[in-house]
Amino acid sequence: MNKFYITTPIYYINDKPHVGHAYSTIAADVLARFHRQLGEKTFFLTGTDENSQKTVQAAQKAGKTIEEYADSQAKVWQETWKKLNISNDDFIRTTEDRHKKVVTDFYNKVLQSGDIYKGKYEGLYCTGHEAFLTESDLVDGLCPDHKTKPEKIVEENYFFKLSSYQDKLLKYCTDNPDFISPEHRKHEIVNFVKSGLTDISITRESIKWGIKAPNDSSQVIYVWFDALINYISGSPEEFWPADLHIVGKDILRFHTVIWPAMLLSAGYPLPKKVFGHGFFTIDGTKISKSLGNAIDPVELAGKYGNDTLRYYLLKEIPFGNDGDFSFHRLQEVYNSDLANGLGNLVSRVAKLCENNKIQSKFLKIEKAEFYPEIIKYLEKLEFNEALSFLQREISVLDNYLQDKKPWESKVDLEEVFNTLVDGILKIAYNLNPFLPETSEKIEKIYSQPTILGIQPLFPRITG
Ligand code: MSP
């Protein structure tokens, strides 16, 4: 049996989830559900990145101890995914002992490979990024993303010999052309690696919160070095290497340069694929706390439904591209595809079944499978293409219904209802990874002994 191990980034806990975070998680959830439905042994991991200075600062601001703050925030993230019907198999927190143990072992393996040395570090550190920036990254002396002045740090640190892995990384990319996706981002990364890698500092001296370096208890392991290892600490051993890391484009470099080099050094096989998706704006503006447009995905799903949120995000923006989240478009897509498309077909046919006293046990329903097109699109993470394909299948059935006019009773009703119900159930099966709640409802409607009319699945939104 094939296995499939998929991950999301682990999220910083200084903030509550916004719809941008939900995007990574929903995309991973669709794929996890798809692979489970294919019968593969699937493991889907998400979690929280807690050993960051952001946690320390946010706890101070909230007037809580760091531990209390981390516990309450981790709960917020866990509950958010539950409410959004995310089917993760585990949730890893980097403050858990199981994680600390694996990080310590991993660090020791890298140490044994001779890839860690002590040196002096001088640089500009941005807590927002949890990374060093160079002078050329700054705009007017500030980090252009966080609009904060980076801290000048001069410390004795331990360094990781990233520079030794340049050729091995390039070879891995050549031998595994699908390792980094999408293609245009792969070129960026390959060019970056070709331009020369420098060693990176992987411990911090002045920091107290985090996992202690096993070779020097005065140092704490760099939060990215620690965080990346969650993919190993959070999954059963037999699932490694990961089949797919879903990440945002902002953190693709960490996952396709530093992470594979760390794994090579520690002697682990490398992940099969890393996909860097795009970012979206909200009604044309960047998502930001200060602008107050950081939409709470739970609120949004409460208003429109979990399935609507999933559908809109994945249909509207080709995965891998940047895009815009617009309430106007959300309503348009909802009305055209879900209310007038899928919802209308399911209701109309259910009502006709009721009028004609159709009993499900007399229908000849084939066991549903994925359309080859859906398999092809989902293997390439082309969610929008998969959904457009299913929308066309809905139109085919709509046209069939319009053509046969079973309400006029001039056609072979048994054959017409067989075709309609069988077609709808096939579509529901294929939509299941995207719209799990709706798909389940549709299956229930058509498996009742006598099929009855229903309330609309997606009442039209006006205004
Ligand atoms: N903690 C690190 C990841 C460590 S993984 C070993 C981190 N966390 S984060 O909470 O800041 O962001 C995680 C992810 O959220 C980003 O990579 C990206 O996938 C997603 N997004 C955050 N804002 C987003 C948008 N505006 N649009 C789309 N995705 C966004 O980075």
Side-chain angles (χ1 to χ4, degrees), residues 30 33-34 36-39 83 85 87 301-311 315 333-374 386-387 389-462:
V30 169
R33 288 175 185 273
F34 169 64
R36 277 189 209 111
Q37 219 171 309
L38 280 174
K83 286 180 194 150
N85 196 21
S87 65
K303 186 159 173 206
Y304 297 101
N306 278 332
D307 283 359
T308 302
L309 177 62
R310 296 164 73 94
Y311 189 92
K315 174 91 190 296
V333 172
Y334 173 96
N335 279 336
S336 69
D337 291 14
L338 297 176
N340 299 343
L342 178 67
N344 183 51
L345 175 70
V346 172
S347 304
R348 264 182 94 188
V349 172
K351 185 76 199 140
L352 286 165
C353 285
E354 178 177 324
N355 294 348
N356 290 281
K357 303 198 170 43
I358 300 293
Q359 297 197 11
S360 54
K361 67 176 171 187
F362 295 128
L363 292 171
K364 288 188 222 66
I365 304 296
E366 275 179 39
K367 190 177 170 319
E369 281 180 5
F370 281 114
Y371 294 107
E373 289 85 347
I374 293 296
L387 289 172
F389 173 83
L390 293 175
Q391 210 53 47
R392 288 195 292 277
E393 290 299 310
I394 291 169
S395 304
V396 169
L397 280 189
D398 269 337
N399 293 339
Y400 177 83
L401 179 61
Q402 224 34 51
D403 182 41
K404 298 289 176 189
K405 300 185 177 50
W407 50 90
E408 290 178 357
S409 300
K410 288 182 194 152
V411 281
D412 177 350
L413 286 181
E414 195 184 308
E415 187 192 315
V416 171
F417 281 106
N418 258 329
T419 306
L420 288 169
V421 175
D422 187 60
I424 287 175
L425 286 172
K426 241 191 207 115
I427 290 168
Y429 182 90
N430 278 268
L431 276 171
N432 196 316
F434 295 95
L435 307 178
E437 293 169 14
T438 307
S439 170
E440 199 180 308
K441 276 188 208 158
I442 297 174
E443 274 161 21
K444 261 199 194 128
I445 294 165
Y446 290 100
S447 58
Q448 301 168 92
T450 309
I451 300 166
L452 299 172
I454 51 157
Q455 294 294 318
L457 293 175
F458 298 98
R460 267 182 207 86
I461 306 175
T462 47

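No donor-acceptor pair under 3.5 Å is formed between the side chain of Asn432 and the backbone N or O of Ser439. At distances below 3.5 Å, at least one donor-acceptor pair connects side-chain atoms of Tyr334 with backbone N or O atoms of Pro459.
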Working for side-chain contact (heavy atoms from CB on, under 4.5 Å), residues Leu435 and Leu338:
CA-CA 11 Å; Leu435 307 178; Leu338 297 176; 4.1 Å; yes
Please test Val349 against Leu397 for side-chain contact (heavy atoms from CB on, under 4.5 Å), starting from the C-alpha separation and ending with a verdict.
CA-CA 10 Å; Val349 172; Leu397 280 189; over 6 Å; no
Please walk me through it: do Ile442 and Leu342 pass side-chain contact (heavy atoms from CB on, under 4.5 Å)?
CA-CA 10 Å; Ile442 297 174; Leu342 178 67; 4.2 Å; yes
Derivation of the side-chain contact (heavy atoms from CB on, under 4.5 Å) call for Tyr446 and Asp422:
CA-CA 9 Å; Tyr446 290 100; Asp422 187 60; over 6 Å; no
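Residues Arg348 and Leu345 fail the side-chain proximity criterion, which asks for heavy atoms closer than 4.5 Å. Contact of the Gln391 side chain with the Ser336 side chain is not registered, since no non-hydrogen atoms from C-beta on lie closer than 4.5 Å. Counting heavy atoms from C-beta on, the side chains of Asp337 and Phe458 never come closer than 4.5 Å. Proximity of Tyr304 to Leu309: side-chain heavy atoms (C-beta onward) are nowhere separated by under 4.5 Å. Taking 4.5 Å as the limit, every side-chain heavy atom of Arg392 sits out of range of all side-chain heavy atoms of Val396. Here the side chains of Glu414 and Phe362 are not in contact, with every heavy-atom distance at 4.5 Å or above.
Interatomic distance, CG of Leu38 versus CZ of Arg33, reported as 14.0 Å (0.5 Å rounding). In this structure, CG in Asn85 is found 7.5 Å from OG in Ser87, a value given to the nearest 0.5 Å.
The number of heavy-atom neighbours closer than 6.0 Å to NZ of Lys405, taken from other residues, nucleotides and ligands shown, is above 12. Within 6.0 Å of the CD atom in Glu440, the count of heavy atoms belonging to other residues, nucleotides or ligands does not exceed 12. Residue Glu408 places its CD atom among more than 12 non-hydrogen atoms of other residues, nucleotides or ligands, all under 6.0 Å distant. When the shell of 6.0 Å around CD of Glu354 is examined, it contains more than 12 heavy atoms from other residues, nucleotides or ligands.
Of the candidates Asn335, Asn344, Asn340, Asn340 is the only one forming a side chain to side chain donor-acceptor pair (under 3.5 Å) with Arg460.
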